[in-house]
Structures are given as structure tokens and as C-alpha cells.
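Everything on this sheet refers to the single structure shown next.
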Amino acid sequence: MRFAWLEYEDSRDGVAFCRRMTGFGWRNLFLDLAPTTPKPARTDLGHPDLKIRWAFDDKPNEPALFATPDDSHKEFIESWIPNPGVGDGFRLTSSSNAIDQADLLVVSGHGTGRGDVHDVACGLDAHVSVAKAFEEHATAPCTGRLKYLLVAACNNLRHNYASRWMAALLKKQPVHGVLGYSLAYAGDADGASVLFRFALLLHSTKNHSVLQAWRIANGPRPWGAIVHASSAKEDTVARWRSDAGLQKPDTSGTASVLHFDHEHPDGRSTERPALTANYRMPDGTIIDEFNGSLASVGLFPGDRGALIIKRRDGVPIQAGTLRVVFAFYRFNRRGFDLSKILTFDAAPGVQAVRDGNPEKPVKDGTVDAVDVTLNGSTKEVVLKYTVNKTVGPSSDMLVMELFAPGSDFSAPSQAADASINGAFVKR
């Protein structure tokens, strides 16, 4: 059994996980690359500037081996993720002719909510679009060796984002499940304790499924997962290692895939809600999950733009009050004030809301939502705004959730899909 770890931030969680998994007989895939001296590490001879380094904690004799890519490797890493292997000549490869491949891949860092991970573990800005990697390489040859993807980062495994991961779970040779967090991932020492327990539970004599091990390892933390219904119950390490291996799940439609989190441990449907929303830039560019990472796309100070809300099927939105809730990255984050970022034009039936976010940890009286009163004939809501010149931190992602008319605004579970169409606030 093989695993690999891509690190974009703090390495303590990875050290704990790699040490324990190695102790249970798994092999780090990066060990199959070329040894490097004088600093012992490994080198991908196809990408010799990709840092693959040893990391240590309190036990220097038990290091862990990670890749810490920067943005110069982004295109290659995204092509490698869906079919991660090592080929001839000590080179990382996504070819189906690889000498060996990873059964489990971990990507750790800061999460954006788009299925992306980023930070500066390599010493430079680094960003990888994990979910998008499967979308863009959906038709590439693949062995199906990779069964589980662990995205140790904030927010990427929230229910609203389930559609982003379908390319991975519904392809011809599917990933069985994606594990991660629906809200904040503490990482660091706390993440190390979770990943250490996860490895132990995977190999427990109780024979937990992979999903059960992830749930138990996290305890009260806001974990999340998107897993095939059959895999959620049947995929154990013992079966994974057996001659028969894991049974291939049904990939004929989304009904076979469920979303799990700390509030829905038995799973729920991953169908996309009816409502969606996108920011529109002054030149007419619609910001979505495909272009949102481009340097030229985002919310720039002084720009005039609009938030466009509609139903996917094109029919009118029902009468009543529609609420749009905003946040930076995740909805339980402190210190957010929408009025410092966007100023919405005054319009009939449009009203700013203070403390309208049901997941806000402290009610501080700041604006975090907008209510729109609808008469039942509106097919498209257009909320015009100006991006304020003092917009706060550079490149924070302004995400949003929609509560359709008739929703219980105090129940986060009633929020509809919109956050994947958030936008980065730029200076």
C-alpha cells in the first residue's frame, strides 16, 4: 500500500500521519524517487526544483517525507493528482504505465472552499486546485489505484461544495471518497493528533470503515466527507489490502454519492440546490469556480459590479424573502463586516442585515447579510454594488450562501449552493 502527502502549510499533521502509516506497513511513494545528497531527501528527476523534503518533530529519527510544491509546479501537480504515480527514471508521472502509484493521497494547507488548497510551505506562494484537477483530467488514462483523497484544509468538504468533487467520484475509475472539513481545520498540533488517531483507527482490530475512522478521529471537530454510499460502509483497510480489494462503486449517477459531516453522520444527498449566485465584474465577466483563481478576476477596489442570483432551471424564484449571507472563507469566522467590503446600491425590497449569519460565533451587530423581498415573478435578482477602496486583507475569498424564501434563516442546513462561486477580494 502506498501513500503520498502534498504539504502547503504546517507539517506537524503530516509527520504524525506518515510516521504512523509507515509503522503499519504503508510505503511513502516519494521514497521511490532519486536520493539527494548532501541533504537527505528525494528528487523527481522530471521536476528537480520540486521540493521533496524530510520533516521532523520531537523524534528526529522518525521523519516524514513530503512534497511542498510552489506555483511553478501547479499545472503538473494538478495533472498528477488524479492518477499519482512514479515511473521510470525516478520521475513522478500520471501515466497509467507507472511503476507504482498511491492508494491514498493527502493534500494539506489552507482551504478556499472551491476545492483548492494554498499557502507557503515551500517558502513561495503556492496554490493547487484539487477538485478542478479531476475535472480537467476526467478523460485522461487512469488505473483507478487511487481510492481515497484526504484534503486536510478548511471548508472544502462543506455540503454546498459537493458538486465540485463529482468529477473524482463519478469518473470511469472513481475515487471512492474525499475526506476533509466542512468548516475550520485547526491543523498544526491539533491536526497532528487527529491524523495520528485516524491512522490508528484505520488499522484497529475493530475494522472501521475509512469513513468511520475519519469521523471517530475528529470527535467534535467539523469534519466533512463525500463518499459513495457503498464505500462508506464497506471500505476497510483489511478489505483494501485483500486479494479482492475494494469493490468498485456505482458511478451511474449522483444518487450513489452521499455527503457526511458532524451533523449528518449517516449521510445526505449531494444533489445541487436550485439557487445559485455569481459575482459579475464591470467588463461583464462572471466569476465562477473555473476562472476565480486568475489574477485578473476578483473584487477590485473601486469596481462597480453586480451579484446575480437565479434558479438553475430558469423559472422564477418563489415569493418571499431571499437572504444572502456573506463571509470570508468560512461562515464561523470572527470579525467579518460586509459594509467594509461591498456597498450595495439602495433598491426597493433590498435591506442590509446585521448578524444574519446563523453560524456567526459572536453577535457583534455588524452587517453580514442582505435580504431581498421577491414577488414570485423574478427570474434573476441583480444586486449592484461598489467594491470599497479599503477592502481588508488581500486575496481573502468572499463566499456567500443563499437562504431561499420560506427557509429557516437560523438553520445553516437550509442554506443553498452559492459559496463555490465566491470571489477573491483584491487590493
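Keep in mind that what you see is a predicted model, and the values were worked out from it rather than measured.
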For the student: nearest non-hydrogen atoms of [X] and [Y], plus distance:
| X | Y | result |
| --- | --- | --- |
| Pro174 | His228 | CB-NE2, 4.3 Å |
| Val325 | Gly356 | CG2-O, 3.8 Å |
| Asp119 | Tyr8 | CB-O, 2.7 Å |
| Leu6 | Pro69 | CD2-CG, 4.5 Å |
| Pro82 | Ala133 | CG-O, 3.6 Å |
| Arg53 | Ala41 | CA-CB, 4.3 Å |

Atom NZ of Lys171: over 12 foreign heavy atoms under 6.0 Å: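 Check passes, neighbour count above 12.
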
From [atom1] ([X]) to [atom2] ([Y]), nearest 0.5 Å:
| X | Y | atom1 | atom2 | value |
| --- | --- | --- | --- | --- |
| Ile216 | Leu200 | CD1 | CG | 12.0 Å |
| Ser129 | Ile77 | OG | CD1 | 12.5 Å |
| Met400 | Leu342 | CE | CG | 10.0 Å |
| Arg354 | Gln351 | CZ | CD | 10.5 Å |
| Phe336 | Phe331 | CZ | CZ | 9.0 Å |
| Leu258 | Thr270 | CG | OG1 | 7.0 Å |

Side-chain donor-acceptor contact under 3.5 Å, Ser230 with Gln247: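 Result is no, nothing qualifies.
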
Distance-only polar pair, side chains of Tyr161 and Asn155, donor-acceptor under 3.5 Å: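 Side chains of Tyr161 and Asn155: pair found under 3.5 Å.
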
Electrostatic pair Asp261:Arg158 at N-O distance under 4.0 angstrom: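 No.
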
Salt bridge Asp371-Arg323, side-chain N to carboxylate O under 4.0 Å: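 A salt bridge links Asp371 with Arg323.
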
Does the side chain of [Y] come within less than 4.5 Å of [X]'s, by heavy atoms?
| X | Y | result |
| --- | --- | --- |
| Leu124 | Asp71 | no |
| Leu149 | Leu105 | yes |
| Met166 | Val257 | yes |
| Phe198 | Arg20 | no |
| Ile52 | Phe66 | no |
| Leu146 | Val175 | yes |
| His264 | His259 | no |
| Leu202 | Val210 | yes |

Counting N and O atoms only, with roles assigned by atom type, does the side chain of [X] sit under 3.5 Å from a partner on the main chain of [Y], one being a donor and the other an acceptor?
| X | Y | answer |
| --- | --- | --- |
| Gln318 | Pro405 | yes |
| Trp214 | Gly180 | yes |
| Asp313 | Ala274 | no |
| Asp10 | Arg12 | yes |
| Asp303 | Val387 | no |
| Lys248 | Lys172 | yes |
| Lys147 | Gly144 | yes |
| Ser209 | Ala232 | yes |
| Ser256 | Asp250 | yes |
| Asp13 | Ala16 | no |

Side chain to side chain contact (heavy atoms under 4.5 Å, CB included) assessment of Asp49 paired with His73: CA-CA 9 Å; Asp49 58 338; His73 309 110; 3.3 Å; yes

Atom pairs and distances, donor-acceptor, side-chain atoms in residues 135-142, under 3.5 Å, two or more places apart:
unit_1 : atom_1 : unit_2 : atom_2 : d
Glu135 : OE1    : Arg164 : NH2    : 3.3
Glu135 : OE2    : Arg164 : NE     : 3.1

Cys154/Tyr181 under side chain to side chain contact (heavy atoms under 4.5 Å, CB included): CA gap, chis, key distance, verdict: CA-CA 6 Å; Cys154 294; Tyr181 289 87; 5.8 Å; no

Using the ring of each side chain (for Trp, its six-membered ring), is [X] parallel, tilted or perpendicular to [Y], with breaks at 30° and 60°?
| X | Y | value |
| --- | --- | --- |
| His110 | His118 | tilted |
| Tyr279 | Phe326 | tilted |
| Phe17 | Trp5 | tilted |

Results of side-chain contact (heavy atoms from CB on, under 4.5 Å) for Lys360 - residues two or more places apart only: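 In terms of side-chain contact (heavy atoms from CB on, under 4.5 Å), with neighbours along the sequence ignored, Lys360 is linked to Asp355, Asn357, Lys363, Asp364, Thr366, Asp368.
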
Show me the side-chain donor-acceptor pairs of residues 377-386 shorter than 3.5 Å, one per line, residues at least two apart or across chains.
unit_1 : atom_1 : unit_2 : atom_2 : d
Ser377 : OG     : Asn375 : OD1    : 2.7
Thr386 : OG1    : Arg304 : NH1    : 3.0

Audit row: Met21, His203, side chain to side chain contact (heavy atoms under 4.5 Å, CB included) steps and yes/no: CA-CA 9 Å; Met21 293 293 280; His203 301 88; 3.7 Å; yes

Can you list everything that forms a ring pair (Phe, Tyr, Trp, His ring centres under 6.0 Å) with [X]? Sequence neighbours excluded, please.
| X | answer |
| --- | --- |
| His127 | none |
| Phe403 | none |
| Phe260 | none |

Step-by-step side chain to side chain contact (heavy atoms under 4.5 Å, CB included) determination, Leu92 to Phe30: CA-CA 9 Å; Leu92 293 179; Phe30 295 136; 4.0 Å; yes

